[in-house]
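We use all heavy atoms of the structure for the numbers below, so side chains are in, but hydrogens, waters and symmetry mates are not.
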Amino acid sequence: MQGRRCFLTGAAAALAVILLSLLPPADWLRGVSIDSLFWLRYQAFGPQQGPVACPVPLRAIAEESYRRPPLEGLPKVLWTPQLATVIEALLDSGAKVIGQDIVLPTSAEAFLPGRDRPYLLALRRGGQEGRLVLGRIQHGREPLSPHPSQVYAAGPANLRLLNLVTDPDGIVRRPPGVFELRVNGETASEPGFGLELAARYLEIAPETLARGNADRLLNFAGGGRETPVYSFADILACAEVGERGYLSEHFAGKVVILGAALDKEDRILTSARFVTAPDGAWFAPRCKHPVMEELYAGAGARPSLPGSMIFATQVDNLIAGTALRPAGSLEVFGAIALLALAAAFLP
């Protein structure tokens with residue numbers, strides 16, 4: 001009787017293996033299984049250390065930046081002198097590549113002549129040196145791009161797409177490296193923002209880096225270890241008083257992303273949604289302004305991450321070669337078979 005029971009259980013397990021191998025799992029099940037593996041790894045081993053090849057610092061325009069002079073109460077379109085100061089200071093400190101994940105489609109130059117000039121000069125310098133990449137967003141037929149004066153200053157070759165593509169369940173797990181676009185009725189390829197930054201750091205063509213990294217999954221460290229976050233207002237204050245030692249120590253030879261890390265805006269669900277940390281866990285050592293602890297007191301972990309954090313993870317993964325490869329059909333078949341056999345012989 002026991003032998004017959006084992007035989008029937010084994011036969012059922014074998015049939016399950018065949019069916020599960022031939023029939024692709026539902027999209028939601030595939031996505032949840034990937035996200036759950038991050039949770040299991042975190043529970044077993046804790047937060048993973050970030051890549052040692054080139055950590056990607058994130059200069060974040062966070063809630064703090066809106067509460068400190070001279071940015072307090074100032075519309076972002078008028079931040080161009082401050083952006084210029086920070087970009088010039090980072091270029092002087094030896095940052096290898098600067099990526100601006102902030103799109104300023106308008107300009108106040110018509111109302112305040114000369115206000116944008118320092119910013120345009122900083123963009124021109126970064127563009128000519130090949131150390132600056134601006135971002136744009138494709139919405140329908142017309143993209144949301146930086147103001148034409150900014151594109152002209154930086155150079156059109158230094159403009160890349162910021163779009164993040166989600167899986168069918170609405171979760172970002174694999175940002176595209178290359179976009180296929182229709183231009184004047186013809187298909188054209190364009191590297192994405194993250195791929196461009198990583199390729200410039202590695203000093204190889206984006207197309208070369210894209211080969212072998214297609215369909216790779218983002219490898220999140222978890223627990224707030226994704227990438228160090230620096231306050232934009234703090235770096236601005238540091239640059240204004242000429243603290244070059246701090247800037248060189250933290251940014252020389254690195255990919256630096258300028259983006260937003262706001263409380264509500266530009267937050268996206270990723271496969272790290274089960275292993276995130278409170279926003280304050282990301283902060284790096286400060287130069288001038290201490291962390292406004294009152295803004296983060298009692299804050300818990302949220303499942304979403306700022307979009308700039310996703311790009312920073314993508315760049316880290318591409319540089320260090322730590323992106324994850326989805327399991328192939330044979331690997332899936334083997335895993336299911338082992339689990340089915342184990343279940344068949346359980347008492």
Side-chain angles (χ1 to χ4, degrees), residues 57-95 97-137 139 142-162 193 197 229-244 246-247 251 256-263 265-266 287-289 292 306-308:
L58 173 64
R59 286 183 298 122
I61 296 180
E63 302 295 336
E64 287 189 40
S65 298
Y66 288 92
R67 299 170 186 249
R68 294 190 186 277
L71 305 174
E72 186 177 13
L74 194 66
K76 197 180 294 183
V77 69
L78 299 180
W79 286 25
T80 51
Q82 290 78 25
L83 285 166
T85 298
V86 170
I87 291 174
E88 289 282 5
L90 287 169
L91 292 172
D92 290 340
S93 69
V97 190
I98 301 172
Q100 183 174 304
D101 180 19
I102 298 171
V103 181
L104 299 176
T106 57
S107 170
E109 189 68 19
F111 307 97
L112 299 169
R115 186 174 184 84
D116 286 355
R117 178 176 170 78
Y119 178 54
L120 298 177
L121 291 174
L123 295 181
R124 185 176 70 176
R125 176 190 169 187
Q128 289 178 343
E129 295 177 2
R131 293 200 285 153
L132 183 134
V133 179
L134 293 178
R136 66 186 180 93
I137 304 171
H139 282 306
E142 297 297 328
L144 177 66
S145 296
H147 190 268
S149 63
Q150 300 166 25
V151 176
Y152 179 79
N158 296 308
L159 187 64
R160 292 290 180 257
L161 282 171
L162 293 167
F193 183 75
L197 294 178
V229 176
Y230 295 80
S231 164
F232 179 83
D234 181 57
I235 299 302
L236 174 63
C238 196
E240 288 177 336
V241 297
E243 290 280 357
R244 302 303 182 189
Y246 174 91
L247 297 173
F251 303 115
V256 185
I257 296 178
L258 168 60
L262 300 176
D263 186 54
E265 296 179 18
D266 191 33
C287 176
K288 288 297 177 184
H289 294 313
M292 287 183 170
S308 297

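- Considering every non-hydrogen atom in both Ser308 and Ala260, the closest pair reads OG-N, 3.5 Å.
- When every heavy atom of Ala239 is checked against every heavy atom of Thr85, the shortest pair comes out as CB-CG2, 3.9 Å.
- Counting non-hydrogen atoms of other residues, nucleotides and ligands closer than 6.0 Å to CZ of Arg244 gives a total above 12.
- Looking at heavy atoms from C-beta onward, Arg136 lies in side-chain contact with Leu161 at the 4.5 angstrom threshold.
- Atom CZ of Arg68 sits in a crowded spot, with more than 12 heavy atoms from other residues, nucleotides or ligands closer than 6.0 Å.
- Side chain of Gln82 to main chain of Leu71: no donor-acceptor pair is present (N/O by atom type, distance under 3.5 Å, no hydrogens or angles).
- Distance CG/Leu90 to CD1/Ile235: 7.0 Å, rounded to 0.5 Å.
- When the side-chain hydrogen bond (donor to acceptor under 3.5 Å, both in side chains) test is applied to Thr106, no partner is found at least two apart in sequence or on another chain.
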Before you tell me yes or no, could you show the steps for Leu159 and Leu134 under side-chain contact (heavy atoms from CB on, under 4.5 Å), namely the whole-Å CA-CA distance, both residues' side-chain angles and the distance that decides it to 0.1 Å?
CA-CA 5 Å; Leu159 187 64; Leu134 293 178; 3.9 Å; yes

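- A distance of 10.0 Å separates CD1 of Ile87 from OG1 of Thr80, quoted to the nearest 0.5 Å.
- For the atom pair CG of Asn158 and CD of Glu129, the computed distance is 11.0 Å after rounding to the nearest 0.5 Å.
- Residues Tyr119 and Gln150 meet the side-chain proximity criterion, which asks for heavy atoms closer than 4.5 Å.
- Listed by chain and number, the residues in a side-chain hydrogen bond (donor to acceptor under 3.5 Å, both in side chains) with Glu88 are Arg125 (sequence neighbours excluded).
- Here the shortest heavy-atom pairing between Asp101 and Phe193 reads N-CZ, 4.0 Å.
- At distances below 3.5 Å, not a single donor-acceptor pair connects side-chain atoms of Gln100 with backbone N or O atoms of Val133.
- Contact between His289 and Ala233 at its shortest, heavy atoms only, is CD2-O, 3.6 Å.
- Looking at Pro70 and Leu236, their side chains come closer than 4.5 Å, going by heavy atoms from C-beta outward.
- Across all their heavy atoms, Gly99 and Leu197 have their closest contact at CA-CD2, 3.8 Å.
- Under the rule for a side chain to side chain contact (heavy atoms under 4.5 Å, CB included), the partners of Pro75 that lie at least two apart in sequence or sit in another chain are Val77, Leu78.
- Between Tyr66 and Trp79, the ring planes are tilted. Angles from 30° to 60° get that label.
- Between Tyr152 and Leu120, every side-chain heavy-atom pair lies at or beyond the 4.5 Å cut-off.
- From Glu243, atom CD reaches atom SG of Cys287 across 4.5 Å, with rounding to the nearest 0.5 Å.
- The shortest side-chain heavy-atom distance between Leu162 and Val103 falls under the 4.5 Å cut-off.
- A 4.5 Å side-chain heavy-atom check between Asp234 and Tyr246 finds at least one atom pair inside the cut-off.
- Residues Ala154 and Leu132 share a closest heavy-atom pair of CB-CD2, 4.2 Å.
- Listed for the Arg131 side chain is a donor-acceptor partner under 3.5 Å among the backbone atoms of Leu91.
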